[in-house]
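First comes the structure, then the notes that go with it.
Keep in mind that what you see is a predicted model, and the values were worked out from it rather than measured. We're numbering straight along the sequence, starting at 1.
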Amino acid sequence: MMKLPIFLLLLSLTTQTSLSKVTISVTPTTLQKSGDTVTISWSNVDSPSKLDWLGLYSPPDSPHDHFIGYKFLSSSPSWQSGSGSISLPITNLRSNYSFRIFHWTESEINPKRHDHDHNPLPGTAHFLAESDVVGFESGHGPEQIHLAYTDVEDEMRVMFVVGDGEERSVKWGERDGEWSHVSVARVVRYEREDMCDAPANGSIGWRDPGWIHDGVMKDLKKGVRYCYQVGSDSKGWSKTRSFVSRNGDSDETIAFLFGDMGTSTPYATFIRTQDESISTMKWILRDIEAIGDKHAFVSHIGDISYARGYSWLWDHFFTQIEPVASKVPYHVCIGNHEYDWPLQPWKPDWANAVYGTDGGGECGVPYSLKFNMPGNSSDSTGTRAPATRNLYYSFDTGAVHFVYISTETNFVAGSSQYNFIKQDLESVDRSKTPFVVVQGHRPMYTTSNENRDTPMRNKLLEHLEPLFAKYNVTLALWGHVHRYERFCPVNNFICGSTWKGFPVHAVIGMGGQDWQSIWEPRPDHPNDPIFPQPARSMFRGGSSGTPNWLPQRRS
């Protein structure tokens, strides 16, 4: 047996002792629901660097570079001592979590490995410690609960997510605990193989999405508050929620309208998340509580979660909107960040620069299955993926007829969508719904004139503006540009004195994403162009949030 020199043996023992003494702990290790907070504590980190970091891993056996997010240890006030703690709210991903600490220095930054904003992603060469596993208790009922209208006025749809495909139901009634009706929910899911491109179909972006349940509450009285629960006796029921049913006889409509919201995470990840989305949901929830027993709904017109192939961000999004979406219907239309991928089936020559990789390989699959809007519109993906749904539809609520369209799939004359829009607009009963609102993602009118979207605007003007003018659309709402802008009543770039034949266009993409200029130069956005404001643009604003709309029918 070869004997090591004493100084080498001591060096080996010293190194092992130094590495083994780094400790990490997490409390609690069992959580009840998404949003519950854990505290991660560590000690004895030698020669701490301001780039040492804490990684979040779910499932716990994920490779080091397959984290879902990270926090720098320097966010703890005591990090320079080699000890500290970080508290984080955790979202239930239907698998356990673990937390790992890594040492990382500026000299090890790899400029070729960076996030969406070109910040370097942390290195994993120097692993220091890993925590115990953290999990969620069973029996607390489904999560990610959200409502939507159906094609029938006396119905309300409710969708939710659980970790298995066993039968779940929705039960409802006019009083909490007095359940006059019960209905079994339909269940669907999608697989990694359904994704169309990276990162959605890769091991970094994919996480199991769970089982999506879809139930319908029927025979609802008009304008009545109903209580409901979702779940099962064996797996647990949600806490009681309530909503006010739709009332077609009402003379007013209350709607919360915005686009491009996204979600916020308590950690950094591979792509930008949207901190302003927290305020948007907070303000809407405040207003919902203020209106009491009046029916209302949310309209989110494209760029929904900004997951872009990192599937756990959908879980964050639905957890974030649940306090609102479990109380009022949450309606959506598709945007580029839900859908666009290189091989999408409709991509005419003029759209080569318009449609790219913005969907992160999701090709509309999570959007199509996690929501179920009225109507039956769908488009084949041309792959094994389920057909893309929730493309175009309409419904009445109060004094308004709402129409949702897709700017990501074929809308030109002769297409199924064009025919739907034409037939829908010409059949509106203006004595019942004197106001008509059309909503889509990419704008027909905007003064944020990015060259990439010019062909899209031209085609919208060519094919759809004549329909809007002919059928006296009151208001056209768009997202995509992450600011607010309102135009005069306009047709073919000419302002009119009335909205009849001259719809008012508004861009409302200020739900949470911060991308475009706020119309004035900003030191931290030196490359954002500043576009002039023509006379037809009545107002441009730079703040985030949501406009609330309350049109009224007058006799």
Between [Y] and [X], is there a salt bridge with N-O shorter than 4.0 Å?
X	Y	value
Lys222	Asp249	yes
Arg157	Asp214	yes
Glu289	Lys327	no
Glu338	Arg308	no
Glu166	Lys235	yes
Asp315	Arg207	no
Lys282	Asp275	no
Glu191	Arg189	yes
Asp396	Lys432	yes

Can you check whether [Y]'s main-chain N or O pairs, donor with acceptor, with [X]'s side chain at less than 3.5 Å?
X	Y	answer
Gln439	Ala476	no
Ser183	Met217	no
His482	His480	yes
Ser250	Asn247	no
Gln144	Thr319	no
Ser326	Arg241	no
Glu322	Ile145	yes
Gln423	Phe420	no
Arg442	Glu408	no
Thr273	Thr269	no

Open item on the list: Val26 vs Val133, test: side chain to side chain contact (heavy atoms under 4.5 Å, CB included). Steps then yes/no.
Closed with: CA-CA 8 Å; Val26 57; Val133 167; over 6 Å; no
TODO: Could you give me the CA-CA distance, side-chain angles and deciding distance for Ser378 and Arg389, then say whether side chain to side chain donor-acceptor pair (under 3.5 Å) is met?
DONE: CA-CA 4 Å; Ser378 67; Arg389 297 174 13 193; over 6 Å; no
Find the distance between [atom1] ([X]) and [atom2] ([Y]) and round it off to the nearest 0.5 Å.
X	Y	atom1	atom2	answer
Phe468	His505	CZ	NE2	7.0 Å
Ser415	Asn410	OG	CG	4.0 Å
His463	Lys422	NE2	NZ	15.0 Å
Trp314	Thr263	CH2	OG1	10.5 Å
Glu426	Tyr471	CD	OH	4.0 Å
Ser242	Glu174	OG	CD	12.5 Å

Open item on the list: Do Asp303 and Tyr306 pair up side chain to side chain, a donor and an acceptor below 3.5 Å, judged on atom types alone?
Closed with: yes
Examine [X] together with [Y] and report whether their ring centres are nearer than 6.0 Å.
X	Y	answer
Tyr190	Trp211	no
His146	Tyr330	no
Phe243	Tyr228	yes
Phe318	Phe371	yes

Is there side-chain contact between [X] and [Y], with at least one heavy-atom pair below 4.5 Å?
X	Y	value
Thr433	Val428	yes
Glu155	Arg246	no
Pro374	Thr150	no

Open item on the list: Over 60° means perpendicular and under 30° means parallel, so tell me whether His213 and Phe160 are parallel, tilted or perpendicular.
Closed with: parallel
Open item on the list: Parallel, tilted or perpendicular, judged at 30° and 60°: which one describes the rings of His300 and Phe317?
Closed with: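 His300 and Phe317: tilted rings.
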- [ ] Would you sort out whether Thr357 and Asp340 count as a side chain to side chain contact (heavy atoms under 4.5 Å, CB included), showing the intermediate values?
- [x] CA-CA 5 Å; Thr357 60; Asp340 293 5; over 6 Å; no
- [ ] Test side chain to side chain contact (heavy atoms under 4.5 Å, CB included) on Leu477 and Leu475 and set out the steps.
- [x] CA-CA 6 Å; Leu477 299 175; Leu475 181 63; 3.8 Å; yes
- [ ] Under the side chain to side chain contact (heavy atoms under 4.5 Å, CB included) rule, what do Ser98 and Val134 come out as? Steps first, then yes or no, please.
- [x] CA-CA 6 Å; Ser98 69; Val134 173; over 6 Å; no
Open item on the list: As a quick check of understanding, evaluate side chain to side chain donor-acceptor pair (under 3.5 Å) for Tyr392 and Gln417, giving each step before the final call.
Closed with: CA-CA 7 Å; Tyr392 44 90; Gln417 178 170 199; over 6 Å; no
TODO: Evaluate the side chain to side chain donor-acceptor pair (under 3.5 Å) criterion for residues Ser203 and His66: first the C-alpha distance (whole Å), next the side-chain angles of each, then the deciding distance (0.1 Å), finally the verdict.
DONE: CA-CA 8 Å; Ser203 55; His66 286 31; 2.9 Å; yes
Task: Full working for side chain to side chain donor-acceptor pair (under 3.5 Å) between Thr397 and His295 - done: CA-CA 9 Å; Thr397 179; His295 72 280; 3.2 Å; yes
